Amino acid sequence: MGGRGSGTTTGGLRCAVCGTIVDIAAVDPWQCPRRTAADPHHVLHLTPGTEQVADIDDPNPLVRYGPRLGWWAFARAHGMTDEACIALTRRAADGFVTTPFARSAVLSDEVGTEVWVKDETGQVAGSQKGRHLATILLHLLAAEELGLTTDRPPLAIASCGNAAMAAATLAHRVDWPIDVFVPTWMDPAFGRRLDELGARIHTCERRRGDPAGDPAMLRFREAVADGAVPFSVQGPENAFCLDGGRTMGWELLDQAAAADVTLDRVLVQVGGGAFAAAVGAGLGPDVRLDTVQAAGCAPLAAAVERAGTIDDPAQHWNDVMQPWPEPHSAADGILDDETYDWLADLDVMRRSGGAAIVATEAEILHAHDLATAAGFGVSATGSAGLAGLLHIRDELDPGEHVAVIMSGAARD
């Protein structure tokens with residue numbers, strides 16, 4: 001990907017629910033300051049700045065698009081130079097790459113339109129999750145280097161999939177302690193890999209008196225309340241997870257331009273929702289973004305339908321986003337019973353004219369078979385965006401250029 005583009009800096013953060021503004025120079029801007037245990041439905045979103053900055057000619061997207069990122073703006077606000085930001089990125093985020101983007105003849109023939117694929121399975125820890133988490137870690141390391149913090153509270157994450165693996169991988173690189181809260185049904189082999197990376201694993205059984213919801217998430221939130229850093233890919237828990245994720249959208253635009261392709265729509269699979277929110281923020285409103293969930297777990301699609309009758313959905317969180325009963329699908333990495341970043345997902349769909357697609361389980365399985373046959377070493381979760389494309393294939397214009405993102409390497 002040659003040449004240099006440009007964009008704007010990140011200006012600050014604003015709560016999408018209550019409107020609270022948080023300065024980009026804040027040392028721990030993870031959550032809306034008005035969020036409490038009794039009033040948890042707040043979420044900070046990054047806002048654009050006014051300064052135009054040039055991208056850096058580098059294959060590492062966290063370096064290339066660094067000057068656009070929120071953590072970089074935080075560091076610069078406290079006097080860190082661009083050179084120091086680059087050096088810190090190379091130290092903590094080495095190995096991130098510009099992932100392949102190419103037309104798939106197999107998938108184009110199957111769907112009947114031009115299908116382009118961005119393949120994130122070769123990214124750090126095998127998925128896009130590391131992009132989300134790297135900018136949280138870079139923010140922490142910058143604060144440490146600047147003398148704004150003096151200790152290293154543990155990182156905390158609730159996950160037993162790609163997010164946990166990415167989190168443990170990044171924490172291990174910089175010798176930062178991390179607690180991973182997992183369900184009782186976690187694959188033991190996966191646990192051994194986390195253990196090899198030095199993660200402290202907490203298996204979370206439901207306790208007497210626990211409220212409804214995922215016990216691992218409950219224990220994660222307790223750890224954060226006790227001082228742990230929310231090292232999460234859920235925007236309400238840590239707004240900066242949406243920071244580095246935007247590099248996927250910017251990268252897609254640059255790669256499409258280099259291939260002389262104008263993308264008409266991008267389909268992104270949704271579990272917690274940060275993936276689609278970040279890609280949509282990077283793409284901007286000129287590229288349609290459709291979200292994809294499985295029929296066995298589609299809380300976002302249900303919320304979009306409910307939101308259609310409400311003037312200000314953000315003020316009716318409980319009425320709009322309701323937990324999905326008994327999630328199930330072969331795409332087990334998108335079985336979040338709640339789409340945590342639903343407000344951001346709804347916003348990018350509304351701005352771009354996108355829709356919430358619900359793929360059948362047969363389409364989930366067929367998409368995985370097709371992706372594998374096309375040469376992608378991806379899990380059923382990672383190919384779920386393709387399932388959405390199969391679901392709407394009869395609605396597509398034959399001249400459309402559509403893109404899907406394969407993210408989540410096939411398991412051993």
Side-chain angles (χ1 to χ4, degrees), residues 103-121 128 248 252 263-273 275-277 279-280 283 287-308 324-337 339 341-342 345-346 348-374 376 378-408 410:
R103 179 185 180 276
S104 170
V106 172
L107 301 184
S108 297
D109 290 345
E110 173 73 21
V111 175
T113 192
E114 292 291 296
V115 179
W116 292 71
V117 178
K118 186 160 183 61
D119 185 3
E120 281 283 301
T121 60
Q128 94 288 350
M248 285 178 288
L252 266 170
L263 288 177
D264 295 297
R265 79 169 81 203
V266 176
L267 293 93
V268 180
Q269 54 269 31
V270 166
F275 186 8
V279 171
L283 289 171
V287 181
R288 173 174 174 148
L289 185 130
D290 291 337
T291 60
V292 181
Q293 292 187 297
C297 185
L300 177 60
V304 168
E305 185 173 351
R306 296 186 196 104
W324 191 267
E326 300 183 13
H328 61 278
S329 175
D332 55 7
I334 54 171
L335 292 185
D336 303 68
D337 67 343
T339 305
D341 282 291
W342 70 275
D345 292 341
L346 181 62
V348 298
M349 283 189 284
R350 284 181 168 178
R351 289 176 182 272
S352 69
I357 298 168
V358 179
T360 67
E361 191 64 13
E363 288 163 342
I364 293 283
L365 296 173
H366 184 40
H368 186 225
D369 289 341
L370 279 173
T372 301
F376 299 102
V378 68
S379 66
T381 295
S383 60
L386 176 60
L389 188 56
L390 296 177
H391 188 80
I392 63 168
R393 69 165 91 189
D394 292 339
E395 305 169 21
L396 296 171
D397 184 320
E400 275 195 65
H401 292 84
V402 301
V404 295
I405 305 174
M406 302 291 179
S407 185

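The structure displayed is predicted, hence computed values, not measured ones. Along the sequence shown, residues are numbered consecutively beginning with 1.
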Subject >> Residue pair A359 / H391: nearest heavy atoms and the distance that separates them >> reply: CA-ND1, 4.3 Å
Subject >> Distance in Å, S383 OG paired with F376 CZ, rounded so as to fall on 0.5 Å steps >> reply: 10.5 Å
Original post:
How many angstroms lie between atom CG of D264 and atom NE2 of H401, to the nearest 0.5 angstrom?
Top reply: 7.0 Å
Original post:
What residues, two or more places apart in sequence or in another chain, satisfy side chain to side chain donor-acceptor pair (under 3.5 Å) together with S108?
Top reply: none
Original post:
How would you list, by chain and number, every residue that makes a side chain to side chain donor-acceptor pair (under 3.5 Å) with T360, sequence neighbours excluded?
Top reply: E363
Original post:
To the nearest 0.5 Å, how far apart are CG in D290 and CD in Q269?
Top reply: 12.5 Å
Subject >> A298 to V358 - nearest heavy-atom pair and separation >> reply: CB-CG2, 3.9 Å
Original post:
salt bridge (charged side-chain N to carboxylate O under 4.0 Å, His left out): which pairs involve residues 348-358, sequence neighbours left out?
Top reply: D347-R351
Subject >> Set of side-chain contact (heavy atoms from CB on, under 4.5 Å) partners for T381, sequence neighbours left out >> reply: A331, D332, I334, S379
**OP:** Taking all non-hydrogen atoms of both residues into account, name the closest pair between A371 and V378 and its distance.
**Re:** CB-CG1, 3.8 Å
Original post:
How would you list, by chain and number, every residue that makes a side chain to side chain donor-acceptor pair (under 3.5 Å) with D337, sequence neighbours excluded?
Top reply: none
Subject >> CG on L267 to CD1 on I357, rounded to 0.5 Å >> reply: 5.0 Å
Original post:
Can you name the nearest heavy-atom pair linking R103 to E114, along with the distance?
Top reply: NE-OE1, 2.6 Å
Subject >> Heavy-atom side-chain contact between L289 and V287 under 4.5 Å >> reply: no
Original post:
Do S104 side-chain atoms and V117 backbone N/O form a donor-acceptor pair below 3.5 Å?
Top reply: no
Original post:
Looking at residues at least two apart in the chain, or sitting in another chain, which of them share a side-chain contact (heavy atoms from CB on, under 4.5 Å) with A302?
Top reply: R306, W324
Original post:
Of all residues at least two apart in sequence or in a different chain, which pass the side-chain contact (heavy atoms from CB on, under 4.5 Å) check with V304?
Top reply: L300, L346, M349, A356
Original post:
CG/L389 to CG/L107 distance, rounded to the nearest 0.5 angstrom?
Top reply: 8.0 Å
Original post:
Nearest heavy-atom pair of A403 and L263: which atoms, and what distance?
Top reply: CB-CD2, 4.0 Å
Original post:
Is there any salt bridge (charged side-chain N to carboxylate O under 4.0 Å, His left out) pair reaching into residues 391-400, and which pairs are they, with sequence neighbours excluded?
Top reply: E110-R393, R265-E400
Original post:
Measuring from D336:CG to Q293:CD, what's the distance to the nearest 0.5 Å?
Top reply: 8.5 Å
**OP:** Work out which heavy atom in A387 is nearest to a heavy atom in A367; give both atom names and the distance.
**Re:** N-CB, 3.5 Å
Original post:
Looking at residues at least two apart in the chain, or sitting in another chain, which of them share a side chain to side chain donor-acceptor pair (under 3.5 Å) with S329?
Top reply: E361
